[in-house]
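Only this structure's heavy atoms are used, side chains among them; waters, hydrogens and symmetry mates stay out. Residue numbering restarts at 1 for every chain, and letters A, B, ... go by the order of the sequence lines.
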Protein chains: 2
Amino acid sequence: MYTARMSTQDRLIESTRELLWERGYVGTSPKAILERAGVGQGSMYHHFQGKPDLALAAIRRTAEELRASAQRALDGPGTPYERIRAYLERERDVLRGCPVGRLTMDPDVVANDELRAPVDETIGWLRERLARIVEEGQEQGQFARSLDAREIAATVLATVQGGYVLARASGSPAAFDSGVRGLLSLLRPAS
Amino acid sequence: MYTARMSTQDRLIESTRELLWERGYVGTSPKAILERAGVGQGSMYHHFQGKPDLALAAIRRTAEELRASAQRALDGPGTPYERIRAYLERERDVLRGCPVGRLTMDPDVVANDELRAPVDETIGWLRERLARIVEEGQEQGQFARSLDAREIAATVLATVQGGYVLARASGSPAAFDSGVRGLLSLLRPAS
DNA sequence: GTCTATACATCGATAGAC
DNA sequence: GTCTATCGATGTATAGAC
C-alpha cells in the first residue's frame, strides 16, 4: 500500500489521514486504519496512545501540507488579484472536499481542543495571509480602500469551504467553480 | 422530551433530526435516537425500515423547514440587495452549522442517492431563488450587468456554508459574520 | 516492535411476547 | 404498536507471546 521505505508509524499516520479525509473522525475506526496500513493492532498501540493520539498526528501532518500547498499559490508571481485567483483556482480534488475544513463538521474533533487546534491554526494562518495580500492590493490601488481586508479574506476562505459543500451536494465540481468565478468577478479590478 | 401530543413517529423523526444536526449520519446510532425519543427498539423498526429510512424522513423534514425559513428572508421587503442581505444576516445558530449542508460531509449520505437528493434539491432551489434576485437587481441597475447571476448565487451560498466552517474551526461565530460582511461589501451597490 | 488473542461495549437489526 | 431479549459484527483497548 505504501512504499517499503515508509516506517510503520508513517504508514499508520498516512492511512489515518486518508480515512479522516474520506470518512471523518467519527467514521474512522482503528480497525480500518490497521487494515489500510497493513499492520497489526499491537503496532498502533505501541506507537500511539489510541485513536485520538493517532488522529492528532495525522491532522497535524495534513494541516502542515495544506499550509505548504497554499503558500505556493499565495506566494506565486503576479498582482495581488492574480495571487488570490491562483489560490482559488489551484488544483483541487473538489469532490473530496477540504481535508482540514471537513474536520469542523466532526463533533468529536470540535469538542476536543487538542484536535481542533491544528484546524483553527491553519484556517487562521490562511486568513492572515489572504488579508495581507488584500492589503497589498489596496496599497497598489487594485482593491477599494473601503474594503476590510480581514473580512474579504474570510469571504475568500468561506467561498472555498462552502464551494466544497455545493459540489458534494450536487455530486459535481461545477458548483465549486461557479462560486469561485462569482467571487472573482466581484473582486476583479475595474482596470 | 417532546409534547405529549407528538406521535411516536414524530418523536423519532425529531430526535433523529437533532442528532443528525449534532453528530451527522455516521455519528448517529439507532440507540441514541431511541433514548432521546424515549421509545423502545421495536417502535422504530415498526414505523421505519431501519436507520437509512428514518434518516431520510428526518432529512426531508429538515430540508422543508430550511426552505420555508429561507423563503421568508428572500421574499421579504426591500431591494434585491436588501433581500440578499436579509438572507445572509437572518438569525442563525452559527456554531451548530447548517443542518442540510452539514450532511454533505457525511460519506454515507453522499454515497446514497436517496439521502443526498433532498440536500441537493434544497441547495439547488436556494441557488435558483438567489440567482433570480440577482437578476432583478441587474434589471433595476443595482448590480452590474457583467455579473453572472447564477455564479453570484453560488458565491452567496458558498459564503454561508463556508462561514460555518470558519466559525466552527475558531469556536466563535465572529468569522461567519466577517465573511458575510466581506461579501456584502463586495455586492453593495455604488449609489 | 510486531503479532494474535481476548475483552467488553456498542452497532444495526430481528424475534417474539404482550 | 410497543416492549424486551437476543444476535452477529464491529469499535476501541489491553494482555501477553515472540
> Check this for me, if you would: do B:R67 and B:E64 make a salt bridge, where the nitrogen-to-carboxylate-oxygen distance has to be below 4.0 angstrom?
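No, this pair does not count.
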> Round to a whole Å and report the spacing from CD of A:Q9 to P of C:dT2.
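The distance from CD of A:Q9 to P of C:dT2 comes to 9 Å, rounded to the nearest Å.
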> Is a side-chain N or O of B:T28 found less than 3.5 angstrom from the main chain of B:L19, in a donor-acceptor match?
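Indeed, once roles are kept as given, a pair shorter than 3.5 Å links the two residues.
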> Could you pull out the closest heavy-atom pair between B:A63 and B:P118, with the gap in Å?
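Shortest heavy-atom separation between B:A63 and B:P118 comes out as CB-O, 4.1 Å.
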> Can you name the atoms? Protein N/O to nucleotides 8-10 of chain D N/O, anything below 3.5 Å, with the distance.
none

> Could you list by number each residue of residues 41-51 of chain A showing a heavy-atom separation from DNA chain D of less than 4.0 Å, or answer none if no residue does?
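Hits under 4.0 Å, by residue number: A:Q41, A:Y45, A:G50, A:K51.
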> Using atom CG of B:L34 as one end and atom P of D:dG1 as the other, report the distance to the nearest whole Å.
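Rounded to whole Å, this separation is 18 Å.
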> Does any pair with a residue in residues 137-182 of chain A pass ring pair (Phe, Tyr, Trp, His ring centres under 6.0 Å), and if so which ones, sequence neighbours excluded?
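Listed by first then second residue: A:Y164-A:F176.
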> Distance check needed: D:dT12 P versus A:L12 CG, whole Å only.
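Distance check: A:L12 CG to D:dT12 P gives 15 Å.
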> Could you tell me whether the side chains of A:R11 and A:S43 share a donor-acceptor contact shorter than 3.5 Å?
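Their side chains do not contain a donor-acceptor pair, so the 3.5 Å distance test is not met.
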> Taking all heavy atoms of A:L130 and all of A:A153, pick out the closest pair and write down the distance.
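For A:L130 and A:A153, the tightest heavy-atom pair comes out as CB-CB, 3.7 Å.
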> Return no unless some side-chain N or O of A:T8 is found under 4.0 Å from OP1 or OP2 of C:dT2.
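Affirmative; the distance criterion is met.
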> Would you say the side chain of B:D108 lies within less than 4.5 Å of the side chain of A:R23, judging by non-hydrogen atoms?
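The answer is yes, as the side chains (C-beta and beyond) meet within the 4.5 Å cut-off.
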> Do A:S178 and B:R127 have side-chain N/O donor and acceptor atoms under 3.5 Å apart?
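Yes, B:R127 and A:S178 have a side-chain donor paired with an acceptor closer than 3.5 Å.
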